[in-house]
Number of protein chains: 2
Amino acid sequence: MSEGKTNPRYRQILATSRRLFWKHGLRRVTVEEICREAGVSKMTFYKFFPNKIELAKTVYTIEVDRGIEKFREIMSNNDTPALEKMEQMMLLKSEGTMNISREFLNDFYSNPELGLSGWVEKKSRQAWQEMIGDFQNAQSKGWFRADFKPEGFLYMVKKISEMVTDENLLRLYGTPQEAIMELSRFFTFGIMPRSGKLAGEKSRDIT
Amino acid sequence: MSEGKTNPRYRQILATSRRLFWKHGLRRVTVEEICREAGVSKMTFYKFFPNKIELAKTVYTIEVDRGIEKFREIMSNNDTPALEKMEQMMLLKSEGTMNISREFLNDFYSNPELGLSGWVEKKSRQAWQEMIGDFQNAQSKGWFRADFKPEGFLYMVKKISEMVTDENLLRLYGTPQEAIMELSRFFTFGIMPRSGKLAGEKSRDIT
DNA sequence: ATAAATTATACGTTATTTGTTTTATATTAC
DNA sequence: GTAATATAAAACAAATAACGTATAATTTAT
């Protein structure tokens, strides 16, 4: 039995539906369309997923988990100085790894009868909590100012990530990478510990 | 009776449906959705358009006409030297004024029963012919090399316009504007009359 | 105040989507 | 090779959604 998450058809369905959901949201995409695009029969689809909603939940969960994972990797690396951490996090956002498509979320929220809005809220809260924990952890090691509220930090990351994809700003800096670096510098020196190390300096000597 | 094209509701329906069609294509967008988004009742919709297909045709026609109009403006302006003409045409494309969304066209072509593919072909041919006429007109005035085939010219414009939106090229030049200017320079000096004027020089002294 | 235009609602009719089932066709393990 | 398993393809009933029309209520313009 190849019910496993490694089954190529299972993965194909996930990849295809993610692509379609991301572009058109939930309601505009049909199961048959997913099957057709994924090159998989309907039987196979219903072997893996009871219906479209559950598939969407799986897609969403995977995406959130991957985001948290990436965030954690960045946060917990002792050898990365604060400035680079900021840069990496913004790159993460701008690359869309952590971005849940608006179209997708809209359908999650605007169909109360599916009971998805509550489900999403719960998932988001969990992810939020995990990331706050990671940040506090980094704080306790002195990598960030101790009196900075974790919630405020995450909010700022989110806002600045939005700025990074702003076309006007982009035009100012030429490439997204440059804009990200500039913003990261700006942001980092407002959040580093008072005794803060300089950009580029390694911080492994804290212990 | 306000059946006229200037009726604000009529215009609202067109604007809304264009936005939705551009993003999701024809089949994924419903009449009720358009009405809802446009803030217009279904009755009003059906007063102006017999059905979604006819609406789509109208949207498409308006878009093509606007493209031709812009093209003509650029082409026929005596005070614009060839180099600037090229730049303006590429900006026109890159701004999307003339770009018909891929999603939209897909649905036009992939539903033979609607009889839209033939209709689109016809419209495109007409637009193509008009633009060729405009180009020949400009040729006869000596603004472009006389032995350049108009069809080839339009093809080149299209191809180069695609290049202008290529991310890799963009990264090379920073801003789309810069890339456009560079490509325009490159392209123009290959198409100007043998006795060609220099870039920036006005060409009104031909007659 | 009146007429015209528009919305809101309900409705029957199609068309589409869903999820199941059946049959045929590959794949895989032995 | 054969049996067991997995998948595809197609047909299907049931549910859902979209279409287009009709009517009454409401708004807007004059």
Side-chain angles (χ1 to χ4, degrees), chain A residues 1-17 19-21 23-59 103-104 106-116, chain B residues 1-17 19-21 23-59 103-104 106-116:
Chain A
M1 189 177 300
S2 48
E3 285 270 0
K5 316 295 187 197
T6 58
N7 183 302
R9 279 168 241 264
Y10 179 86
R11 301 169 68 81
Q12 187 57 42
I13 292 171
L14 282 181
T16 304
S17 59
R19 177 170 57 79
L20 290 171
F21 286 158
K23 192 157 192 181
H24 299 294
L26 206 46
R27 119 190 85 99
R28 301 177 136 96
V29 177
T30 71
V31 171
E32 300 204 36
E33 184 181 16
I34 294 169
C35 293
R36 190 174 353 105
E37 296 275 312
V40 144
S41 77
K42 262 210 282 189
M43 272 217 73
T44 308
F45 177 93
Y46 283 109
K47 200 183 84 178
F48 289 123
F49 304 96
N51 52 50
K52 196 166 69 177
I53 304 296
E54 290 308 313
L55 166 64
K57 284 184 180 176
T58 306
V59 169
E103 293 288 333
F104 189 47
N106 276 348
D107 283 355
F108 264 66
Y109 276 113
S110 61
N111 289 52
E113 73 280 9
L114 301 178
L116 280 176
Chain B
M1 190 177 303
S2 47
E3 285 269 0
K5 316 296 187 198
T6 58
N7 183 302
R9 279 166 238 267
Y10 179 86
R11 300 170 68 83
Q12 187 57 41
I13 292 171
L14 283 179
T16 303
S17 59
R19 176 170 58 79
L20 290 171
F21 286 159
K23 191 156 194 182
H24 299 293
L26 204 46
R27 126 191 77 100
R28 286 181 221 262
V29 177
T30 71
V31 172
E32 302 201 9
E33 184 181 16
I34 294 169
C35 292
R36 186 169 4 99
E37 295 275 311
V40 146
S41 77
K42 259 210 285 191
M43 277 225 71
T44 307
F45 177 94
Y46 283 109
K47 198 182 85 180
F48 290 123
F49 304 97
N51 53 50
K52 195 166 69 176
I53 304 298
E54 290 308 312
L55 166 65
K57 284 184 180 176
T58 306
V59 168
E103 293 286 334
F104 189 49
N106 276 350
D107 283 353
F108 265 67
Y109 277 113
S110 60
N111 290 50
E113 72 279 9
L114 302 179
L116 280 175

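Here is how names work: the chains are called A, B, and so on, in the same order as the sequence lines, proteins then strands, and each is numbered from 1.
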Quiz item: Do Lys52(B) side-chain atoms and Val29(B) backbone N/O form a donor-acceptor pair below 3.5 Å?
Solution: yes
Exercise. Side chain of Val31(B) only, please: which of dA8(C), dT6(C), dG20(D) is the nearest?
Key: dG20(D)
Exercise. Give a yes or no answer on whether the side chain of Ser17(B) reaches the backbone of Leu14(B) with a donor-acceptor pair at less than 3.5 Å.
Key: yes
Exercise. Nearest whole angstrom, please: distance from the C1' of dC19(D) to the CG of Leu26(B).
Key: 14 Å
Self-check item: By salt bridge (Lys or Arg N to Asp or Glu O under 4.0 Å) - contacts of Glu54(B) (at least two apart)
Solution: Lys57(B)
Quiz item: Closest to the Arg9(B) side chain: dT20(C), dT6(C), dT21(D)?
Solution: dT6(C)
Quiz item: Reckon Lys42(B) touches a base, only the sugar-phosphate, or nothing at all at heavy-atom distances under 4.0 Å?
Solution: base
Quiz prompt | side-chain contact (heavy atoms from CB on, under 4.5 Å) evaluation trace for Leu26(B) with Leu116(B) | solution = CA-CA 11 Å; Leu26(B) 204 46; Leu116(B) 280 175; 3.9 Å; yes
Exercise. Could you work out which one of dG20(D), dT20(C), dT6(C) sits closest to the side chain of Tyr46(B)?
Key: dG20(D)
Quiz item: Within less than 4.0 Å of OP1 or OP2 of dA5(C), is there a side-chain N or O belonging to Lys47(B)?
Solution: no
Quiz item: Going by heavy atoms closer than 4.0 Å, what residues in residues 32-40 of chain A are next to DNA chain D?
Solution: Gly39(A), Val40(A)
Exercise. Without swapping roles, check the side chain of Thr44(B) against the backbone of Val40(B) for a donor-acceptor pair under 3.5 Å.
Key: no
Quiz prompt | Nearest listed nucleotide, side chain of Thr44(A), among dA8(D), dT6(C), dC19(D) | solution = dA8(D)
Quiz item: For Ile13(B) and dT6(C), what is the distance between atoms CD1 and C1' respectively, to the nearest whole Å?
Solution: 11 Å
Quiz item: Nearest nucleotide by nearest heavy atom, which residue falls closer to the 5' end of DNA chain D, Met43(B) or Asn51(B)?
Solution: Asn51(B)
Exercise. Could you check how far NE2 of His24(A) sits from P of dT17(C), rounded to whole Å?
Key: 13 Å
Quiz item: Reckon Asn7(B) has a side-chain N or O less than 4.0 Å from the OP1 or OP2 of dA5(C)?
Solution: no
Quiz prompt | Rounded interatomic separation in angstrom, taking NZ from Lys52(A) and C1' from dT16(D) | solution = 11 Å
Quiz item: Do His24(B) and Glu103(A) touch side chain to side chain, with heavy atoms closer than 4.5 Å?
Solution: yes
Quiz item: Does a side-chain heavy-atom distance below 4.5 Å link Arg36(B) with Lys42(B)?
Solution: no
Quiz prompt | Whole angstrom value for the distance that separates P of dC19(D) from CD1 of Ile53(B) | solution = 10 Å
Quiz prompt | Integer-rounded Å distance: dA18(D) C1' and Arg27(A) CZ | solution = 13 Å
